[in-house]
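All values derive from a computational prediction rather than experimental measurement. In each ligand, atom 1 is the first atom listed, and ligand 1 is the first ligand listed.
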Amino acid sequence: MKKSYFIFTLFLITISVSAQKISYSVSFPNILHHEAQIAVVAEGIPQQSLVFRMSRSSPGRYATHEFGKNVYDVKAFDKAGKTVLVNRVDGDVYTVPSYKGYVKLEYTLYANYADGTYAGIDISGVHLNMPASFMWVKGADKVPIYVEFELPNKNWHIATQLKPGNTANSFYAPGLQYFMDSPVRMANIISKKWELTNPDGKKYDFELALDAKAADSSVQSFANKVKRITQEAQAVFGELPNYDYGKYVFLASINPYVKGDGMEHRNSTMISLPIVFSDNNGLLEVFAHEFFHCWNVERIRPKTIEPFNFEKSNMSDGLWCAEGFTQYYGNLIMRRAEFDDDASFVGTISSLINTKINTPGARRFSPIEVSKHAVFVDAGVAVDKTNYSNMYTSYYPYGAAIALALDLELRTKFSNLSVDGYMTALWKKFGKTEIAYSMEGLEEVLSNYTGNKTFASNFFTKYIFGHEPYDYATPLKQAGIILKQPQLGKAWWGNIRYTDANNLTIQNNTSIGTPIYNAGLDVDDKIVELNDMAVSKSSQVDSIIRTYKPGDKIKIGYLHRGEKQITELTFSESPVYQAILFEKDGLPLSPEIIAFRKKWMGSKIQ
Ligand SMILES: [Zn+2]
């Protein structure tokens with residue numbers, strides 16, 4: 001009895017859900033002026049009134065964005081085409097107070113900013129990031145979504161991770177979360193395809209859908225390199241994710257009319273580079289970074305952003321891992337695929353070490369705390385001035401610096417362990433299963449992976465929950481890399497920007513702890529005298545500083561809001577680090593160093 005009742009209920013639920021449907025149709029009658037006409041039909045939604053709204057955030061972009069500002073001329077109709085009442089109740093929220101199972105809402109969208117967050121509509125190409133383009137129905141997250149595009153140019157093709165529908169240029173998404181995560185690019189796209197196979201024999205299709213002015217042969221050569229990146233990334237985890245419709249697409253616009261960006265999605269990425277396309281290895285890093293995300297963040301996903309909230313910013317404690325570890329792998333995969341050499345990888349190491357040791361944000365706050373600040377900095381806009389240079393370090397390089405520290409710890413303190421193995425363990429526990437992780441979960445996997453609870457607890461306490469300095473120099477020696485501080489012994493007062501054109505007016509916030517900060521100088525102050533001698537050029541300042549030593553004092557005259565101030569500054573020395581390969585420093589390479597580097601930086605493709 002219980003069983004048959006259950007089946008009956010299930011049947012009823014299936015019926016009621018399948019009757020619900022949201023269908024968009026998109027056309028471009030005024031494409032010359034960057035407009036689209038969008039109609040959304042909501043059918044069978046079990047509500048008496050409907051709320052339609054534009055999003056205020058976009059998957060993978062954590063700050064608030066007001067997408068509703070570019071939507072206007074909103075109208076609603078019933079099934080017979082008769083106008084029904086629609087009220088604008090907030091800047092980006094529209095209600096249909098009387099809903100009887102069918103309503104068609106129409107609006108105009110203006111879009112002229114093609115990147116990973118916004119949309120761009122032009123006769124050269126249409127680029128739709130979904131939250132920037134589509135109004136959605138509140139409380140109907142699980143309702144299947146259908147979308148049909150009227151192509152403005154018969155030579156164009158559509159590239160997207162959406163599932164193809166039954167008719168040309170129509171697509172399907174199982175619900176709001178997937179739809180919003182599925183950007184669309186339509187243009188004169190050059191398409192190159194390849195296939196990769198998983199150890200279980202399952203094959204997946206890959207496509208480079210490139211919107212660029214380029215010769216077919218150079219696009220093919222570039223696609224071969226992107227394929228190499230997909231293979232190196234697959235080798236880190238031992239397998240590809242089970243892509244929802246068997247396919248992964250690189251939506252790439254490389255032309256001067258887009259804005260620079262890369263944005264990850266479940267089965268695709270939207271890459272826009274505002275340059276003329278060339279088959280250049282320098283363009284590949286963004287591909288390596290974005291592709292790594294199809295494991296790390298799309299499936300190995302922090303609890304704090306699952307599900308994604310489209311009505312507000314999404315604060316996460318895990319972006320140091322989601323973005324930072326991905327940045328580390330973007331660089332490492334470029335090295336493993338031989339698109340970067342040892343010297344450029346070591347340059348990256350220098351920059352990460354300086355981020356961790358020498359930026360005020362990383363010295364004062366944990367990776368978790370800076371991750372939470374993404375709600376303001378991830379393409380967020382501040383009209384007023386901020387003090388980010390003294391209280392914030394980006395979770396991208398900071399997280400990558402933590403990944404480097406963990407990789408060095410695992411490679412030097414354990415035999416045959418590495419961040420590759422840790423990422424694979426995270427993949428098995430949280431990614432393949434799609435169970436969103438907490439910080440404690442990440443620590444537990446490290447504990448299980450190393451078999452050393454104390455090690456995992458210490459690492460997380462010091463460097464993830466805390467912000468203790470990490471000693472990179474000792475483990476780096478095993479890789480044949482020496483860490484130097486080349487500026488020691490030279491007088492230094494801090495990193496400030498000024499140009500001769502603005503007569504030594506300081507352009508940036510001075511940095512906490514530096515001599516110039518301690519002497520009281522700040523942004524917009526104008527240096528006019530050093531030791532009573534008038535100065536107006538940066539070359540004068542530089543040559544005066546060169547005559548001093550760390551610990552020496554100098555008298556500075558400066559204008560603060562027009563008033564002359566005098567202060568005394570005590571020089572220190574720049575703490576900047578530089579990582580140098582042993583062989584560049586005349587040191588021998590032992591067989592152990594060569595083997596260490598090969599395991600770390602060498603290709604992992606079997
Ligand atoms: Zn990223």
Side-chain angles (χ1 to χ4, degrees), residues 57-63 65 115-118 129-131 161 180-183 226 229-230 232-233 236-237 241 248-254 258-273 282-302 304-306 308 313-335 339-340 348 351-352 355 367-368 370-380 392-404 419 423 426-427 430-431 436-437 442:
S57 63
S58 181
R61 195 111 287 159
Y62 303 104
H65 295 86
D115 77 348
T117 310
Y118 297 100
N129 186 45
M130 306 319 238
Q161 69 174 21
M180 284 294 166
D181 186 49
S182 304
V226 178
I229 280 169
T230 57
E232 283 293 354
V236 172
F237 294 95
Y248 184 93
V249 196
F250 292 90
L251 307 172
S253 304
I254 305 181
V258 294
K259 310 296 171 189
D261 204 359
M263 183 51 70
E264 68 279 5
H265 300 280
R266 247 181 101 79
N267 308 299
S268 68
T269 173
M270 183 71 116
I271 291 169
S272 49
L273 302 174
L283 306 187
L284 291 164
E285 192 186 322
V286 63
F287 287 77
H289 176 105
E290 299 307 331
F291 186 62
F292 197 80
H293 272 313
C294 74
W295 291 270
N296 193 29
V297 93
E298 291 302 333
R299 290 167 176 88
I300 305 171
R301 195 158 174 83
T304 36
I305 53 167
E306 187 59 36
F308 203 78
S313 58
N314 285 248
M315 189 180 84
S316 176
D317 49 6
L319 300 184
W320 60 271
C321 176
E323 286 300 348
F325 276 48
T326 300
Q327 176 165 327
Y328 178 68
Y329 271 98
N331 291 120
L332 188 54
I333 285 169
M334 286 290 283
R335 177 68 201 97
F339 299 132
D340 271 350
T348 299
S351 143
L352 296 182
T355 297
I368 290 175
V370 303
S371 295
K372 290 177 177 176
H373 215 67
V375 295
F376 299 118
V377 296
D378 188 29
Y392 172 74
T393 294
S394 166
Y395 44 88
Y396 284 83
Y398 190 1
I402 299 300
L404 171 64
V419 171
M423 290 310 302
L426 291 178
W427 167 243
F430 300 119
Y437 65 75
L442 295 183

Using only N, O or S atoms, tell me which atom of [X] is closest to the Zn ion (ligand 1).
| X | result |
| --- | --- |
| E323 | OE1 |
| H293 | NE2 |
| H289 | NE2 |

message = Assess, by modelled atom type and distance only, whether the side chains of N129 and S58 contain a donor and an acceptor separated by less than 3.5 Å.
response = yes
The side chain to side chain contact (heavy atoms under 4.5 Å, CB included) partners of D181 (sequence neighbours excluded) come to P59, Q161, H265, R266, E298
Salt bridge (charged side-chain N to carboxylate O under 4.0 Å, His left out) pairs touching residues 317-330, sequence neighbours excluded, are none
Separation between CD1 (I300) and CZ (F325), nearest 0.5 Å, reads 11.0 Å
